[in-house]
Amino acid sequence: MSASGVLSFTQQGWEQVLAKVKRAVVYLDSACAESLHWGCGSTRLLEAVGGPDCHLREFEPDAVGGGAKQPKAVFVLSCLLKGRTVEILRDIICRSHFQYCVVVTAVSHAVHLTANHVPAAAAAEMEGQQPVFEQLEEKLCEWMGNMNYTAEVFHVPLLLAPVAPHFALTPAFASLFPLLPQDVHLLNSTRPDKRKLGSLGDVDATALTPELLLQIRCLVSGLSSLCEHLGVREECFAVGSLSRVIAADLANYAPAKNRKKTAAGRASVVFMDRTLDLTGAVGHHGDNLVEKIISALPQLPGHTNDVMVNMIELTALQTEEENCNVVAPGCLAQSNDTTAKALWEALLNTKHKEAVMEVRRHLVEAASRENLPIKMSMGRVTPGQLMSYIQLFKNNLKALMNHCGLLQLGLATAQTLKHPQTAKWDNFLAFERLLLQSIGESTMSVVLNQLLPMIKPVTQRTNEDYSPEELLILLIYIYSVTGELTVDKDLGEAEEKVKKALAQVFCEESELSPLLQKITDWDSSINLTFHNSKIAVDKLFTSLRDIAGARSLMKQFKSVYVPGNHTHQASYKPLLKQVVEEIFHPERPDSIDIEHMSSGLTDLLKTGFSMFMKVSRPHPSDYPVLILFVVGGVTVSEVKMVKDLVASLKPGTQVIVLSTRLLKPFNIPELLFATDRLHPDLGF
C-alpha cells in the first residue's frame, strides 16, 4: 500500500467523475468542490470539460440553468439525493435544455436505502440492485421532458480533501462535533422517564436523533470505501462518547461484510472526540507557520480549510482595499504544482522559523532559475524581504506562470508575518504559559480574577487588548486545561464577576460579530439589553463547565495538565499524544479508555470466552496501518506531533490522520455554540 493512500483514493474517485464531464455544464456543491480543490485542482476538471467556455457552477437554488447549446449536465454532490437536494436538481433541469444528465453522489446506495427507511434485511436482499438511483434516473428524464433522453445516477466516494500524503479532511462533515453534557438534557427531553440517559457515557446509537445517526452513517459509508481502497480489514477503537457510536457503526457496517472477508491487509481505526481536549484547539503552543496563516488570513469563500491570499501585489493595480476583490485570490492548496506542493508539505512538517527560511530559499531559487535580478540577504527573514523577492516576478508573465503556486505560498507567508493577528499570537502564548503556572499554584477562582481586568469595553480597548471573541478563546483554554472543577462559593463568585463584565462588554460593542450574534441570539448590540446579554453569558458558562467536565468519564486520560516542579515548569500534554503513547506502549496494556468495538457475534464470543480463558482482544498497535480520526477538527501541529510520535515509537507503522476539519482557535467557539449539533442539515 502506497504512503499516499488518501491522495490516490481521492484522485481515483475524481477520475470516475472526470470521465463523464466532457463538454458538460458541471454543478458542484461546496464539499465536493473542496475535495476537488485539494485532490486534483479545478484546472484538471476544466481540462476534462474542454471547450473555450468555463461551465463550472455552484449547486444552489439560484444556479443558472443550461442554455440551448448546452445539452449535457453533470451534478457532483456530497449529500443524500433526497428532499431539498432533489428539488434543487429538478428546478435547475426544468429551466435548462439538457438531454443528458449525470448525477454523482458521494453517499452510497446502501445509505440511501437507510435514509428511505428500508429495513436492513430487505436492503441485504437488494445487493447489486440500486432502486433509489434508478427511480431518480426516471425522474431526471421526466424533468428533461423526454423519457428517451439519457440519465445516469451513481455513487463515487468523494469523502476526502487530502491536505498531505498522510493527512486528509472530510469537508462534508465539517460541522460534525462531539456531544456535550447539555446535549444529554436535550436528548432526554424526548425520552420516557424510565429510559433517561444518566450521562454521555450512556449515549449509544439508539439515543441519537435520526438526522445525526444518518450523518454518521454517511461518514461511515465513505470510511468503508477508503478501507476498501487501502485493501484493509479494519479493527475499530474509540476514545469518547460520539466516537464510540461512529466506531461501532463502522465495525458493524453490513455492506462491508464481504469486503472484510477478502481484505489482505489489516488496520486499526481509532476515533477520538475533540471535546476531550479543546486546549490544543484554542491554544497557541503550535510553533507552525501554516497554523498562523490559516488564523490570520480570511477564509476562502465556500471552503472550511483554505484561505484567501491577496494577489494584488503581482498586478499593476494599486493596493487599496477596494481593488482586492478585482483580482482572484490565491490559496494554499497547490495540487498540480510539484514545487509548490513540496514547499507546502515542508511548511506542514517544520517549525515556524525553519518554514519561513524554506519559503525564502524557494523564492531565491525560483528567481535565480528565471535569471531575475535578485539581491541575496541572509539573517532574519522579514515580510519586506519576501515581498522584494516576489515582486521580481511582477512584470514577467512566463516567470509568473512557471511559479504561480510558489508565489501564492510566498505571499501567504509575507501577509501573515505582517498581520496584526500574528503579533497577538505571541501575546496569547505568553498568557497561556502564565495560566499554566497559575493553575498549579492557585484555585480556579484566582485564575478567573486574574482574567477580570482584561475584560474591557470597546471604548477602552487598544489593539493590544483582547476582543470578546478572544476572551472566549482564553476561557475555553482555561476550563479545558483545568478539567473537573471543585465548585465552591469562591468559584461561583469569581464566575459571576466575569459573567457580568462579559455581559456588559457584549452590550457595549459597536457591532456584534457573527459569533456574538449566535451566542446572544441578537443581530445588533443596540437592542441587546444587559438582562438578555447576561442570560446568553450564563448559557455560555454552562458550556464552559461542560468543557471542564469533558474528561470526567475517562479513567486513564483524566488530565492534560502536567504540574510543575523544581526542575520543570507546568505544561500541557495533549490528549492525542497520550492516546498515541498508550497505543504504542511497549508493554501493550489493555487500555480502559481506548475501547475496542466488536464486529458481530465472533468478536462477542471472543470477549465472552476471555472471561474464562486467555483470549487476546485486538490491540490498536497490532497492525501495520493506524488511521487516527479526530471527530471535531484537528490542528496542523497535532498532525505533525502524531506523525513524529508514531515514527519514534514504532517505526514502519503507516499513520494516516483524518479529521472533520482543519482548526484555528476561532473555529472552536463557533462549533461549541452551534445550535444544530443534534439536528444537522443533511440537505433534505
Side-chain angles (χ1 to χ4, degrees), residues 180 182 278-279 282-284 420-421 424-425 427-439 441-483 485-549 665-666 668-673:
L180 294 167
Q182 60 192 277
L278 292 177
T279 313
V282 295
H284 296 73
Q421 192 65 40
K424 221 168 192 182
W425 187 281
N427 295 350
F428 267 108
L429 183 58
F431 187 67
E432 285 161 9
R433 283 177 176 161
L434 190 65
L435 278 172
L436 287 173
Q437 306 318 311
S438 299
I439 288 164
E441 296 159 9
S442 320
T443 61
M444 183 65 154
S445 56
V446 172
V447 173
L448 288 174
N449 285 325
Q450 287 176 339
L451 187 70
L452 201 56
M454 299 162 68
I455 306 172
K456 296 178 182 178
V458 65
T459 50
Q460 294 174 27
R461 286 201 302 265
T462 66
N463 290 337
E464 297 295 308
D465 292 314
Y466 293 104
S467 68
E469 295 83 357
E470 290 168 337
L471 289 164
L472 287 182
I473 285 168
L474 287 174
L475 281 165
I476 292 167
Y477 185 96
I478 291 167
Y479 278 78
S480 179
V481 79
T482 303
L485 297 168
T486 305
V487 180
D488 56 18
K489 186 185 168 202
D490 288 346
L491 177 61
E493 287 175 357
E495 279 188 338
E496 199 55 36
K497 287 178 193 170
V498 172
K499 284 181 190 178
K500 284 179 178 173
L502 267 181
Q504 192 60 47
V505 163
F506 288 0
C507 291
E508 293 178 22
E509 285 297 289
S510 51
E511 193 178 328
L512 290 178
S513 67
L515 176 62
L516 293 184
Q517 287 178 29
K518 188 183 280 186
I519 290 169
T520 60
D521 213 15
W522 286 86
D523 295 338
S524 164
S525 56
I526 297 166
N527 303 318
L528 180 62
T529 63
F530 178 78
H531 174 71
N532 286 329
S533 182
K534 180 66 167 54
I535 289 170
V537 173
D538 284 343
K539 285 183 185 171
L540 191 154
F541 268 76
T542 301
S543 295
L544 290 173
R545 289 271 186 100
D546 280 356
I547 290 163
F666 286 106
I668 290 299
E670 291 164 7
L671 290 163
L672 272 175
F673 305 117

Decide side-chain contact (heavy atoms from CB on, under 4.5 Å) for H284 and K424; before the verdict, give the C-alpha distance in whole Å, the side-chain angles of both, and the deciding distance to 0.1 Å.
-> CA-CA 10 Å; H284 296 73; K424 221 168 192 182; over 6 Å; no
Is the closest side-chain donor-acceptor distance between Q450 and S438 under 3.5 Å?
-> yes
S543 and D546 side chains, donor-acceptor separation under 3.5 Å | no
Going from CG on L451 to CG on L475, what distance comes out if it is rounded to the nearest 0.5 angstrom?
-> 5.5 Å
Between the main-chain N or O of L528 and the side-chain N or O of S525, is there a donor-acceptor pair closer than 3.5 Å?
-> no
From CD1 (I547) to CG (L278), nearest 0.5 Å | 5.5 Å
For I526, does the CD1 atom sit with more than 12 other heavy atoms under 6.0 Å from it, leaving out its own atoms?
-> no
Distance col, row L502:CG vs K497:NZ, nearest 0.5 angstrom, shows 14.5 Å
What are the two closest heavy atoms between G283 and P665, and how far apart are they?
-> O-CG, 4.3 Å
Measure the spacing between OG1 of T443 and CG of L448 and express it to the nearest 0.5 Å.
-> 8.5 Å
Hey, are the side chains of Y479 and F541 touching, using non-hydrogen atoms and a 4.5 Å cut-off?
-> yes
More than 12 heavy atoms of other groups within 6.0 Å of R433 CZ | no
Give the C-alpha distance, both sets of side-chain angles, the deciding distance and a yes or no for ring pair (Phe, Tyr, Trp, His ring centres under 6.0 Å) between Y477 and F428.
-> CA-CA 11 Å; Y477 185 96; F428 267 108; 9.4 Å; no
In terms of side-chain heavy atoms, does T462 have a donor or acceptor partner in D465 at a distance below 3.5 Å?
-> yes
Answer yes if the side chains of E508 and Q504 hold a donor-acceptor pair under 3.5 Å, and no otherwise.
-> yes
4.5 Å side-chain heavy-atom contact, Y466 and F431 | yes
Does P669 reach the side chain of I476, with side-chain heavy atoms less than 4.5 Å apart?
-> yes
Calculate, to the nearest 0.5 Å, the distance between atoms CD1 and CG belonging to I668 and L515 respectively.
-> 11.5 Å
Hey, are the side chains of K534 and H531 touching, using non-hydrogen atoms and a 4.5 Å cut-off?
-> no
Between F530 and A503, which heavy-atom pair has the shortest distance, and what is it?
-> CE1-CB, 3.6 Å
Is the count of non-hydrogen atoms from other residues, nucleotides or ligands lying under 6.0 Å from K539 atom NZ greater than 12?
-> no
For the side-chain contact (heavy atoms from CB on, under 4.5 Å) test, which of I439, I478, T486 pairs with M444?
-> I478
Using a 4.5 Å cut-off on heavy atoms from C-beta on, say whether the side chain of L512 contacts that of T520.
-> yes
Heavy-atom distance under 4.5 Å between the side chains of Q182 and R545, does that happen here?
-> no
Full working for side-chain contact (heavy atoms from CB on, under 4.5 Å) between E509 and V505 = CA-CA 6 Å; E509 285 297 289; V505 163; 3.9 Å; yes
Please assess D488 against E493 for the test side-chain contact (heavy atoms from CB on, under 4.5 Å), listing each intermediate value before the final yes or no.
-> CA-CA 9 Å; D488 56 18; E493 287 175 357; over 6 Å; no
K500 and E495 ion-paired at < 4.0 Å = no
Matching residue for I519 among L672, V537, L472 - test: side-chain contact (heavy atoms from CB on, under 4.5 Å) | L472
Any sub-3.5 Å donor-acceptor pair from N449's side-chain atoms to S445's backbone N or O?
-> yes
Would you check, one step at a time, whether the test side-chain contact (heavy atoms from CB on, under 4.5 Å) holds for I455 with L452?
-> CA-CA 6 Å; I455 306 172; L452 201 56; 4.2 Å; yes
Out of curiosity, E469 CD to E670 CD, how far, rounded to the nearest 0.5 Å?
-> 9.5 Å
Indicate yes or no: at least one non-hydrogen side-chain atom of V282 is less than 4.5 angstrom from one of S480.
-> no
Give a yes or no on whether E511 atom CD has more than 12 heavy-atom contacts from other residues, nucleotides or ligands under 6.0 Å away.
-> no
D538 atom CG: more than 12 heavy-atom contacts under 6.0 Å = yes
